[in-house]
Number of protein chains: 2
Amino acid sequence: MKPASARLVWFANVATGLCKSWSASLVATLKDVAERAGVSRSAVSRAFTEGASVSGRTRQKVYAAAEELGYSPNALASGLTTGRTKLVGLVSDNFHNPLFLEIFDLFTRGLQSRGLRPLLVNLSGERDPQNSLRMLRQYSVDGVIVASSTLPPDFTRSFRGATIPIVHSFGRKAEKPDVHVVGIDNHACGAMAARTLLARGYTSLGFLGGPEEATSTQDRLAGFLQVLKGRKGISVTHSFADGYAFTAGREEMLRLLSGDPAEAYFCGDDVLSVGALSALQTLGMSAPADVGIIGLNDMEMASWPNINLSTIRQPIEDIIDASIELIVNMLDDPERMPESRLFRCDVIERGTLRPIVA
Amino acid sequence: MKPASARLVWFANVATGLCKSWSASLVATLKDVAERAGVSRSAVSRAFTEGASVSGRTRQKVYAAAEELGYSPNALASGLTTGRTKLVGLVSDNFHNPLFLEIFDLFTRGLQSRGLRPLLVNLSGERDPQNSLRMLRQYSVDGVIVASSTLPPDFTRSFRGATIPIVHSFGRKAEKPDVHVVGIDNHACGAMAARTLLARGYTSLGFLGGPEEATSTQDRLAGFLQVLKGRKGISVTHSFADGYAFTAGREEMLRLLSGDPAEAYFCGDDVLSVGALSALQTLGMSAPADVGIIGLNDMEMASWPNINLSTIRQPIEDIIDASIELIVNMLDDPERMPESRLFRCDVIERGTLRPIVA
DNA sequence: GACACTCTTGCAACCGATTGCAAATTTTCA
DNA sequence: TGAAAATTTGCAATCGGTTGCAAGAGTGTC
């Protein structure tokens with residue numbers, strides 16, 4: 001069970017060129033490098049550790065030997081002793097909303113640029129966090145990012161007991177959250193949508209939400225209603241789509257249009273809006289001529305000229321940057337008090353709402 | 001540096017309830033379980049190993065102790081000795097084509113269901129595989145899946161030297177590939193597109209491809225041209241978009257329409273087609289009335305009623321299943337001869353081509 | 001040249017598991 | 001009942017690193 005180091009040295013003595021390709025398969029270890037450089041294993045370890053006590057001369061020798069052997073330190077072995085694996089769990093349950101491709105792109109790049117590695121976990125309907133938590137603990141991840149706007153509040157709560165740094169991105173804000181939350185104020189966004197529609201003179205308004213059990217849906221609806229409640233001359237209705245997905249939005253809008261639709265709808269997510277627009281189109285209608293539509297997120301597709309959706313922009317770059325920053329800080333200070341970090345949203349004027357009335 | 005096991009036992013003696021929450025933070029180890037169950041560490045290890053030699057009685061004792069301590073084995077430590085981490089590198093450079101969200105969804109679920117964990121690597125423009133390769137080696141991944149239809153052939157070639165199981169999904173087929181390739185026959189798809197357009201009576205045909213350097217673009221074009229070359233009465237043109245993305249497709253189609261456009265275009269990817277359709281719409285035109293469009297992939301969006309794109313379906317589920325199956329097989333037999341595994345594509349008739357001429 | 005001080009280095013224990021081997025136990029069968 | 005066979009168990013070495021500690025080398029000063 002120890003051919004690697006033995007054989008390696010042999011090849012290393014034969015020819016550097018050959019060695020290079022072999023070292024790739026029978027991976028070189030600390031010990032191999034130490035022997036080749038004529039120093040102790042500790043010396044090699046220190047040479048690869050920022051700020052460790054090594055002389056320049058030793059470091060040179062070590063680097064040279066490492067280069068020849070194609071050595072690079074085993075992150076898992078070092079994680080075993082240091083307790084730092086640089087692995088970060090990236091947990092999500094939304095693999096159907098195109099926005100999340102943008103989100104994964106930003107997360108992976110952000111983590112990579114800080115030397116962290118995303119271990120992707122697809123919840124795919126699993127509501128019990130215990131399995132994921134156990135799995136992530138098995139891999140000794142340094143931290144966990146949960147990216148989801150739909151998970152029930154107790155999902156992340158389970159992580160509280162475990163002293164594992166966690167941030168919930170796109171989660172629900174709270175005065176005293178169980179874990180760090182980075183996202184937007186969904187309640188305020190709902191209110192913003194309501195005011196936007198009012199300013200354009202709509203008097204019969206509808207909320208076409210995502211799944212009723214999603215916290216984001218609940219909060220957006222609550223904010224929407226709070227602004228409108230009790231206003232005279234304004235009627236409000238609301239209903240929910242089956243999920244945050246195109247088809248769900250389209251179906252629900254088809255259903256609404258078959259009855260007595262509102263003048264304008266606030267859709268709980270852009271992907272729902274796009275579904276709703278498709279429903280309009282199918283019935284020979286369009287926005288804003290027949291029905292006004294405002295979405296939420298400003299996903300890339302919203303700006304496509306054939307969609308041109310008026311929406312509320314959620315600053316996903318800021319949210320993701322802040323999430324990563326929080327995780328990184330927590331690596332040093334895991335006990336840090338959980339806080340909610342919220343970012344402002346803005347209305348993006350495009351072509352699915354009629355203009356503001358004077 | 002060894003408070004975990006020591007303290008843990010103490011708590012375990014005090015109260016099981018308390019212990020549970022603590023064991024979550026100061027993670028219990030093999031040793032803790034062994035002590036609590038009154039057996040050796042080997043026994044505990046064996047109790048958690050499928051098919052190891054343990055008596056039922058010991059196993060019960062161990063499970064009971066493990067349950068009380070909230071123990072689950074450390075995957076990294078075990079990976080260190082067994083050489084199996086159950087980590088699989090999932091490498092991609094396409095985070096802008098919505099199709100890839102579907103692809104990531106399928107990959108992560110497929111891997112997870114086989115007990116493997118995806119370590120996501122975002123190439124984000126990096127053309128040199130050495131960095132990723134080194135990184136993946138550092139984490140001792142059991143295998144690597146490269147999911148990309150655009151990477152240059154020598155990207156995966158670098159992995160050949162390393163005896164690390166690798167499959168290239170959505171890659172270019174070859175007689176004797178450097179690594180396993182799973183995907184479609186892009187050349188055949190190009191030919192299929194050409195024949196589809198001919199059958200509908202188009203006489204002036206265009207290829208609107210993705211990036212010229214992408215192997216998939218090159219092969220699709222070659223197949224397209226091969227069918228059409230030398231046919232009299234048929235004219236062919238081709239050009240390339242800047243990337244596999246909406247905007248790129250739209251821009252290129254706008255450019256084409258400002259000149260002397262063909263009667264029908266084969267777009268190298270659905271997302272380009274959607275961009276092209278948007279361009280038509282902007283200029284007050286539509287498909288198939290003014291220009292015919294056929295795409296490739298059949299991404300979810302292609303079936304949305306307001307897009308309704310005629311396209312060639314790529315069976316991504318099959319491709320992904322086969323890729324995972326290959327990786328799993330290679331865990332046992334890493335030296336397995338690389339092969340190309342190709343799946344058939346089918347034309348999906350929707351609304352952007354005129355009907356077949358009699 | 002001797003002494004005190006700082007910087008380097010190697011030894012050896014450790015991280016949390018696995019596993020070959022031999023001893024101890026149980027089972028089987030005459 | 002007893003010996004042989006089969007099963008279970010623990011010891012100790014190992015995987016690839018890290019790190020506290022003490023010894024060794026190097027520097028500066030008088």
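Computation of the quantities below employed the complete heavy-atom set of this structure, encompassing side-chain atoms and omitting hydrogens, waters and symmetry-equivalent molecules. In what follows, chains carry the letters A, B, and so on, assigned in the order in which the sequence lines appear, proteins first and then strands, with residues in each chain numbered from 1.
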Can you pull out every ring-ring contact (aromatic ring centres under 6.0 Å, His included) where at least one residue sits in [range]? Sequence neighbours excluded, please.
| range | value |
| --- | --- |
| residues 111-137 of chain A | none |
| residues 28-68 of chain B | Phe48(B)-Tyr63(B), Phe48(B)-Tyr71(B) |
| residues 104-129 of chain B | Phe95(B)-Phe104(B) |

Gap between atoms [atom1] and [atom2], on [X] and [N] respectively (whole Å):
| X | N | atom1 | atom2 | value |
| --- | --- | --- | --- | --- |
| Asn74(A) | dG17(D) | CG | C1' | 7 Å |
| Lys61(A) | dG10(C) | NZ | C1' | 13 Å |
| Phe48(A) | dG16(D) | CZ | P | 16 Å |
| Arg137(B) | dG16(D) | CZ | C1' | 15 Å |
| Leu30(B) | dC15(D) | CG | P | 18 Å |
| Leu76(B) | dG16(C) | CG | P | 12 Å |
| Glu35(A) | dG16(D) | CD | C1' | 13 Å |
| Gln138(B) | dG17(D) | CD | P | 10 Å |

Exercise for review: Record whether the side chain of Ser42(B) comes under 3.5 Å of the base of dC11(D) through a donor-acceptor pair of N or O atoms.
Suggested key: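 Side chain to base: pair found, below 3.5 Å.
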Review point. Do Arg41(A) side-chain and dG16(D) base share a donor-acceptor contact under 3.5 Å?
Key: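 Answer no: no donor N or O sits under 3.5 Å from an acceptor.
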Review point. Applying salt bridge (charged side-chain N to carboxylate O under 4.0 Å, His left out), which residue pairs with at least one partner in residues 69-83 of chain A are found, sequence neighbours left out?
Key: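 Counting only pairs at least two positions apart or across chains, no salt bridge (charged side-chain N to carboxylate O under 4.0 Å, His left out) contact touches residues 69-83 of chain A.
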Practice item. Compare the minimum distances between each of dG10(D), dG16(D), dG10(C) and the side chain of Ala77(A), then state the nucleotide with the smallest one. Key: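 Comparing dG10(D), dG16(D), dG10(C) against the side chain of Ala77(A), the answer is dG16(D).
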Exercise for review: Look at the side chain of Ser78(B) and decide which nucleotide, out of dT19(C), dA17(C), dT18(D), has an atom nearest to it.
Suggested key: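 Selected nucleotide: dA17(C).
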Contacts of type side-chain hydrogen bond (donor to acceptor under 3.5 Å, both in side chains), residue [X], not counting sequence neighbours:
| X | value |
| --- | --- |
| Asp178(B) | Arg157(B), Arg160(B) |
| Gln60(A) | none |
| Ser53(B) | none |

Check your understanding: Does any non-hydrogen side-chain atom of Asn74(A) lie less than 4.5 Å from one of Thr29(A)?
Key ->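 SC-SC contact between Thr29(A) and Asn74(A) ruled out.
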Please write out each protein N/O paired with an N/O of nucleotides 21-25 of chain C under 3.5 Å, distance rounded to 0.1 Å.
none

Check your understanding: For DNA chain C, what residues of residues 49-59 of chain B have any heavy atom nearer than 4.0 Å?
Key ->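 Nothing qualifies; none.
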Would you indicate, yes or no, if [N] has its OP1 or OP2 atom less than 4.0 angstrom from a side-chain nitrogen or oxygen of [X]?
| X | N | value |
| --- | --- | --- |
| Tyr71(B) | dA17(C) | yes |
| Ser40(B) | dG10(D) | yes |
| Ser45(A) | dT18(D) | yes |

Practice item. May I ask you to check whether Asn131(B) and Glu126(B) show a side-chain donor-acceptor distance below 3.5 Å? Key: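 Yes.
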**Study point:** salt bridge (Lys or Arg N to Asp or Glu O under 4.0 Å) against Arg172(B), all qualifying residues, sequence neighbours excluded
**Key:**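 Once residues adjacent in sequence are excluded, the partners of Arg172(B) under the salt bridge (Lys or Arg N to Asp or Glu O under 4.0 Å) criterion are Asp219(B).
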Exercise for review: Under the salt bridge (Lys or Arg N to Asp or Glu O under 4.0 Å) rule, collect the residues that match up with Glu339(A), sequence neighbours excluded.
Suggested key: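 Checked Glu339(A) against salt bridge (Lys or Arg N to Asp or Glu O under 4.0 Å); matches are Arg336(A), Arg341(A).
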Review point. How far does the helix from dG1(C)-dC30(D) to dA30(C)-dT1(D) bend, going by the axes of its first and last five pairs, to the nearest 10°?
Key: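 Helix axis angle between the two ends: 30°.
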Check your understanding: Between Ala43(B) and Leu80(B), who's closer to the 5' end of DNA chain D by nearest nucleotide?
Key ->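 In this pair, the answer is Ala43(B).
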Check your understanding: Can you tell me if NZ on Lys86(B) sees more than 12 non-hydrogen neighbours from other groups inside 6.0 Å?
Key ->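 Atom NZ in Lys86(B) is not crowded, with 12 or fewer foreign heavy atoms closer than 6.0 Å.
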